[in-house]
Structure formats: structure tokens, C-alpha cells
Colleague: 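First the structure, which I've put down as C-alpha cells, then a few questions once you've had a look.
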Amino acid sequence: MITNIGTILLQKMEGKEVALRGWVHRQRVSGNMVFTVIRDPSGIMQVAVKKDKVGEKDWKDANDAYVESSLTVTGVVKKDDRAPGGYEIQATGFTLISRGEPFPIAKDLSEEFLMDVRHLWLRSQKMTAIMKARHFLDNYLREYLDEKEGFYEIAPPIITKSGCEGGSTLFEMDYFGEKAYLTQSSQMYAEVFVFALGKVYVLAPSFRAEKSRTVRHLAEYWHLEPEMAFYDQKMNMELQENMVHYAVDKMVREHPELLEACGRDVNDLKKVTLPFDRMDYAKAVDKVNELGGKMEHGQDFGADEEAILTKTRVKPLFIHNFPSDIKAFYMKDDPAKPGTVLNADLLAPAGHGEIIGGSERIWHYDELVTKMKAQKLDIKDYEWYLDLRRYGSVPHSGFGLGIERFVKWVLNLDHIRDTIPFPRTINRCYP
Ligand code: 4AD
């Protein structure tokens, strides 16, 4: 029966005869011995192949193997403190499944080259740890919404006729002779469902034709977009902090080994406690200037300003009540603070910056049309969206969390590109 490396380590299977399937991670030949570190999806383990302990064909296979050749190994588990993980397999059999060709990732580890061979680099220990961590973080976010809050997940279209976040970053496509776009956000479709299902979310790709080359912009990213009937902005922010806290806390408790494998200091994440900090836009602008940045009231925060605001923080920070005229058409004005909207961006600490944008939505027809006209939107593209305000409208709120930005922060990565298998940016769409 085939076992895996993780099980051997977990069950401390010393003295047991095992069979493993995997790939060569690295290889060292020394006289009558070949030391092959093999990997499978659960970890790495050293296999010691001694010439007189295996058949002739197996000895040849062990000598011929390349890095990333695939193989089957049988042998006995021995404790060995010098081996990675503290155990070694003393081989009784070693069979190549596919020897393949010499693996191209060897000396050149430049970022550009690793992006060219991304489909192979995804086998690396670093990328494996990140992809596993992303899987768990995705699951915890979903789990919070599904099990703790009773949300329904819905499936929106990816091809749409209108934008939601302004025209400048729309990817245009030819839809059977008509102009259409890849969705920038599924928010408007999520809003449809609050009138039927109450609390819903979408987890799907959003597309932004971002011309900027930054460490936090992708042209295609995964977007978690909850939308809730009868939620005001205060409830909306509380839901966000509870959800983010749940996922971070569960990751720290259940998978500290993955956080550590990604180089993340787990103790820093333990400081992410509830409630998160809150600051209004006007105060945040003053704070940026006080801390040595330079910005005017009425301007939006860029990466530099967000870094200034969050550099020394340990918890995420909500910035709320932005000026109405720099925000999207669907955000409701705050009657208590004229000229501002009932919105908030959630900034991750230690310079990572914005991970969530959310707001209370305008739910009255006239108010929405007035704002759309002010922002010069073509009303006829949005007739269906206006119908939601024509027929039984109710107050509602929602937000969008960029999965890759969230993962970048939780794992404390320098660049967003490693949070997603195949990053799409202004200069790369291959492989
Ligand atoms: O602030 P944004 O543009 O808001 C919306 O799209 C709303 N319609 C969401 C909603 O209320 N349902 O984007 C939301 C989040 C940002 O906070 C950020 O995390 C992520 O989406 N994001 C990006 N992530 C990676 N690359 C990009 N180019 C991104 N643009 C936005």
C-alpha cells in the first residue's frame, strides 16, 4: 500500500516497511550510496539507496534520476537526526516512473526566469507552502460566512455589459459583434440576490486592466464579495472584522507550520485581535501628513500613504467616510457627515495596505439616478440594476476582499505575484 511522507512523520513509523510515490527533490551520489531527497504533496524525505540492498535495475534508476524525475520507492523507515524531518528511508526498491529530461530550474533563479517556468516552479517548496496556505485561508473565509453567518454562495456572470468601478480599468471584449467586458466586480449581481436570499457572497475572479506595476496589483484577481440585506455600514464593518479575524485566528491555530514555512512570524498574527482600529478619512489624511507623507484633502490614498498609515500597526485599520466625489456611484451619502459616504477601506498592518473596500449602498431610486448622472454613467446600461430600486428595495451593504491581497498580508509576502499560481499583470499573460 502506498503511504505518504506526512503520514510517516506524523505516525513516527520507525522500523516500518513503506512504499512511497513522489518526485526527486535533490540528489547526491557518493560511492556505493545514492541519497535522494524525494518530495510528495505532503513533504520531503531522504531516501538512502545502498548498491547491495537493491536490484541492479533499481540501482541504475537511482543513479540515473534527475531532479523532478518521478519515482516509486520501497524501504524501511529509520530515525536519522541528520535527515530533513528526522527520518530516512533505507531503500529496498527504487523505480523511476518517468525519468524525463534535466530539470530547467537549477542555477538561474531570477524572478523573470521563474515566471517563464512558473508551471514548473509551482512544484517548489516555497510555492507549495503558499498554495496550501491560500487553500486554507480561502476555506476559513467561506466557512465563516457559510457556517457562522448563514450566507449563500451565488454564481455571477463573468462577461458583463457595464462596469461597477469606473471605466478606466475595464477589459473590453467582442461578444458576438457587441461590446462587452470582463467583470470588474460581481457586486451588482450579488445585490440582485439580497432580495431573494438575504445574505449572499460571490468568490470569483475580477478583472482590472491595471496599467500600474506595483507589488499589489493584478489584472485578474479572486474577489470575495458578500452582500447583505438590512445591513447598515456599522454592521458591514463588524462582519468584515469578524470574518478576517476568524480566518487569521484559525490559520494561526491550525496551520502555524505553513505560516512558518512562508517566513511569517506567527506571534505577530496573534496580535490581530478584535475590534480592529477605525479612523475617518479626514483624520487619516492629517495623519499621513503628520507622519511625513504629503497629500491633500480630497485625494485618494495610494500605496505610499497606506504604508505610512499602517507601517507600525499590528491590527488592520478601517478608514471610513471618504469624500463622496472620489468614490463609486453606488455608495450612500452619510446624512450625519455631508459630502462623505458610508464606506470604509480596510487596511492591513505593517505596510500591506488595502485588502477590503465596502459600503452601504444607495437603495432609493432617485438618489441613485442623481448620482449616476453626476458621474456621467449611461443610465440605459444600468436599467436592470435600477429595477432593484424600483421593486421592493431595502437598505443593504456589502464589501469586496481581494483574496491575493489578503494572502499577501497573512503570509507577509513582499509581492502579490506569489499568492496566485499564474499572475496576470501588464507585462505577463504566459504561461
Ligand atoms: O475597492 P474595490 O475596487 O471595490 C469593489 O470592487 C467593490 N465593488 C467591492 C464590493 O463592495 N463588492 O475592490 C475591492 C478589493 C480591494 O480592496 C482589493 O483588495 C481588491 O479588491 N483589488 C485588487 N486586488 C488585486 N489586484 C487589483 N488590481 C485589485 N483591485 C482591487
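All ligand and atom numbering here is 1-based and tracks the order in the structure.
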Colleague: Nearest protein heavy atom to atom 6 (O) of ligand 1, by residue and atom, and its distance?
Modeller: R208 NH2, 2.8 Å
Colleague: Just need the protein heavy atom nearest to atom 17 (O) of ligand 1, so name the residue and atom and give the distance.
Modeller: E354 OE2, 2.5 Å
Colleague: Looking only at protein heavy atoms, identify the closest one to atom 19 (O) of ligand 1 and say how far it is in Å.
Modeller: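 The closest heavy atom on the protein side is I355 O, 2.8 Å.
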Colleague: Do Q46 and E88 have side-chain N/O donor and acceptor atoms under 3.5 Å apart?
Modeller: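 Indeed, the side chains of Q46 and E88 share at least one donor-acceptor pair under 3.5 Å.
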Colleague: Would you mind running through ligand 1 and noting each atom that sits below 4.0 Å from a heavy atom of F399?
Modeller: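 Counting from 1, the qualifying ligand atoms are 10 (C), 11 (O), 12 (N).
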Colleague: Please work out, at 4.0 Å between heavy atoms, whether the side chain, the backbone, both, or neither of F207 comes within that distance of ligand 1.
Modeller: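 The answer is neither; F207 stays 4.0 Å or more away.
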Colleague: Under 3.5 Å, N or O to N or O, is Q187 touching ligand 1 that way?
Modeller: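 Checking ligand 1 against Q187, an N or O pair does fall under 3.5 Å apart.
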Colleague: Answer yes or no: is there a donor N or O on one side and an acceptor on the other, between the side chain of K287 and the main chain of I308, under 3.5 Å?
Modeller: no
Colleague: Taking the side chain from R278 and the backbone from F276, do they hold a donor-acceptor pair closer than 3.5 Å?
Modeller: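 Answer holds: yes.
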Colleague: Is the number of heavy atoms from other residues, nucleotides or ligands within 6.0 Å of OH (Y175) greater than 12?
Modeller: no
Colleague: Can you check whether M235's main-chain N or O pairs, donor with acceptor, with D232's side chain at less than 3.5 Å?
Modeller: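 Confirmed, D232 side chain pairs with M235 backbone.
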Colleague: Counting only heavy atoms, which portion of M188 has something under 4.0 Å from ligand 1: side chain, backbone, both, or neither?
Modeller: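 No part of M188 is near ligand 1 at this cut-off.
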Colleague: Examine the side chains of Y201 and D146 and answer whether a donor and an acceptor come within less than 3.5 Å of each other.
Modeller: yes
Colleague: At under 4.0 Å between heavy atoms, is it the side chain or the backbone of Y221 that contacts ligand 1, or both, or neither?
Modeller: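 It is the side chain that gets close, since no backbone atom is under 4.0 Å.
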Colleague: Short list, please: which atoms of ligand 1 are under 4.0 Å from a heavy atom of L218?
Modeller: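 In order of numbering, the contacting atoms are 25 (C), 26 (N), 27 (C), 28 (N).
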Colleague: To check your reading of the model: name the closest protein heavy atom to atom 15 (C) of ligand 1, its residue, and the distance in Å.
Modeller: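 I find the closest protein heavy atom is G400 O, 3.5 Å.
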Colleague: Answer yes if the ring centres of F329 and Y382 are under 6.0 angstrom apart, and no otherwise.
Modeller: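 That pair passes the under 6.0 Å test.
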Colleague: Which ligand 1 atoms, with their elements, are less than 4.0 angstrom from a heavy-atom of Y330?
Modeller: 7 (C), 8 (N)
Colleague: Please confirm whether the backbone N or O of S98 pairs with a side-chain atom of S70, one donor and one acceptor, at under 3.5 Å?
Modeller: yes
Colleague: Please report which non-hydrogen protein atom sits nearest to atom 7 (C) of ligand 1, along with the residue it belongs to and the distance in Å to one decimal place.
Modeller: E165 OE2, 3.2 Å
Colleague: Only one of Q184, K211, E210 passes side-chain hydrogen bond (donor to acceptor under 3.5 Å, both in side chains) with T169; say which it is.
Modeller: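 Per the side-chain hydrogen bond (donor to acceptor under 3.5 Å, both in side chains) rule, the option paired with T169 is Q184, out of Q184, K211, E210.
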Colleague: With atoms numbered from 1 as shown, which atoms in ligand 1 lie under 4.0 angstrom from a non-hydrogen atom of I356?
Modeller: 17 (O)
Colleague: What's the shortest distance from atom 18 (C) of ligand 1 to any protein heavy atom, and which residue and atom give it?
Modeller: R405 NH1, 3.6 Å
Colleague: In this structure, is the centre-to-centre distance between the rings of Y281 and F301 below 6.0 Å?
Modeller: yes
Colleague: At a non-hydrogen distance cut-off of under 4.0 Å, which region of R216 contacts ligand 1 (side chain, backbone, both, or neither)?
Modeller: backbone
Colleague: Just jot down the ligand 1 atoms closer than 4.0 angstrom to any heavy atom of E210, in number order.
Modeller: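 Those atoms are 28 (N).
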Colleague: Using distance alone, decide if ligand 1 has a nitrogen or oxygen within less than 3.5 Å of any nitrogen or oxygen in H217.
Modeller: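 No.
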Colleague: Assess whether side-chain contact (heavy atoms from CB on, under 4.5 Å) is satisfied between E165 and S206, documenting all intermediate values.
Modeller: CA-CA 11 Å; E165 298 300 322; S206 283; over 6 Å; no
Colleague: Mark up the atoms of ligand 1 that fall under 4.0 Å of a heavy atom belonging to R361, in ascending order.
Modeller: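 In order of numbering, the contacting atoms are 10 (C), 11 (O), 12 (N).
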Colleague: Answer yes or no: does an N/O atom from G402 fall short of 3.5 Å to an N/O atom of ligand 1?
Modeller: yes
Colleague: State yes or no: are the ring centers of Y66 and F103 separated by less than 6.0 Å?
Modeller: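 No, the ring of Y66 stays outside the 6.0 Å limit from the ring of F103, centre to centre.
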Colleague: Distance under 4.0 Å to a non-hydrogen atom of E225: what atoms of ligand 1 satisfy this?
Modeller: 8 (N), 9 (C), 10 (C), 12 (N)
